[in-house]
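Convention: sequence-line order gives letters A, B, ...; per-chain numbering from 1. As the structure is a computational prediction, the values presented were derived from the model and not from experiment.
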There are 2 protein chains.
Amino acid sequence: MSISTRFSVGIHILSLLEINKEGVNTSDFIAKSVNTNPALIRKITGMLKNAGLVNVRPGIAGATLAKELSNITLLDVYHAVNVVSDKELFGIHENPNPACTVGRNIQDTIEPIFSVAELALEKALGVVTIEDVVKGILEKDKTK
Amino acid sequence: MSISTRFSVGIHILSLLEINKEGVNTSDFIAKSVNTNPALIRKITGMLKNAGLVNVRPGIAGATLAKELSNITLLDVYHAVNVVSDKELFGIHENPNPACTVGRNIQDTIEPIFSVAELALEKALGVVTIEDVVKGILEKDKTK
DNA sequence: ATAACTTGTAACCACTTGAATTACATGTTA
DNA sequence: TAACATGTAATTCAAGTGGTTACAAGTTAT
């Protein structure tokens, strides 16, 4: 089980919008960089748009960033592409037996623990911005 | 996308083994507490056995804990039931275009960031033990 | 206005995984 | 030997992912 690649593709798209900001970033162009098809890019770009991260309009070629690079965290992207429903990173088995001490209390006991873990994950994603990613990409590229 | 309920079921099983340690915890008995079927319980119990967390043998009724309660963390269970392959919580899109600055460097840039986030998650799971969960269950049960 | 191009979506497919279920071989014990 | 337990394979069903095609609707240049 892995979190959908929509997340990493979303990061890819935003980074590309910055690095190729002089060009026109159509879904077709982006798809070639990601190595997938334009329809999927448009789908993800649409999600990023709904989250207010990019500007993109029907008929008008190209997407652009809607916010400052340094003001978009990976957590924003994570939420935008909807890879994990809220508070549902960990699946909890339903309907445990209420006639059993464990069954009766396991969910209420586990949920807050899972929340803490999930928040730790989100916090780690929240401190990294697309600006950091772009810098990382440019930095790594120098060595090639 | 959610992490498989095998994880929460694993925690349920281990907690039950402690709370019902005076009884004989057959897969059938455990299944009734979890509210699923015995075959699935045996499958998960087998994974917990492979990780050295429980004792269970063919033909012999009942499973027992193989380690101290306070010495089993949720991270141990998480790894035991194999819900997430190592370093693969986040799926990364394959084969980005090497002719593009972003495509050429996105994977190497993102991987370490994802690792940090994944480790943050694991760290949070590593500080909680089954003993904590058992205490939580007993505590909550008092109020009911 | 029309042609060419773009985005927005819906629909479908193939594939993988999860969970439930059934069945049965194997091991243990009375 | 009978009764019961675990181990495990096979099957089924549902859901999610990613790839693909198709097409409606918006935009722009001529």
Under a 4.0 Å heavy-atom criterion, the protein footprint on nucleotides 19-30 of chain D, written with B, S and -, is SBBB---BS---

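- Residue B:Gly62 is in sugar-phosphate contact alone, with no base atom involved, counting any heavy-atom pair closer than 4.0 Å across all strands shown.
- No donor-acceptor pair closer than 3.5 Å links the side chain of B:Ser85 to the backbone N or O of B:Glu88.
- Side-chain contact between B:Leu17 and B:Ile30 is present, with heavy atoms from C-beta onward closer than 4.5 Å.
- Inter-residue side-chain proximity for B:Val9 and B:Thr36 is flagged as unmet; no heavy-atom pair is nearer than 4.5 Å.
- Proximity of A:Val102 to B:Ile137: side-chain heavy atoms (C-beta onward) are separated by under 4.5 Å at one or more points.
- Contacts between residues 20-30 of chain B and DNA chain D, defined by a heavy-atom separation under 4.0 Å, are made by B:Thr26, B:Ser27.
- In this structure, B:Ile3 places its CD1 atom 11 Å from P of C:dA19, rounding to the nearest Å.
- If you check every strand for non-hydrogen atoms under 4.0 Å, B:Thr5 touches sugar and phosphate atoms only.
- Looking at A:Leu69 and A:Thr129, their side chains never come closer than 4.5 Å, going by heavy atoms from C-beta outward.
- For D:dG7, one of the phosphate oxygens OP1 or OP2 lies less than 4.0 angstrom from a side-chain nitrogen or oxygen of B:Lys49.
- Listed for the A:Ser4 side chain is no donor-acceptor partner under 3.5 Å among the backbone atoms of A:Val83.
- When the nucleotides D:dG18, D:dA5, D:dG7 are ranked by their closest atom to the side chain of B:Val56, D:dG7 comes out on top.
- Distance A:Ile44 CD1 to C:dG8 C1': 14 Å, rounded to the nearest Å.
- A:Ile110 is not listed as a side-chain neighbour of B:Phe7, based on a closest heavy-atom distance of 4.5 Å or more.
- B:Gln107 has its side chain within reach of B:Pro96: a pair of non-hydrogen atoms, C-beta onward, lies under 4.5 Å apart.
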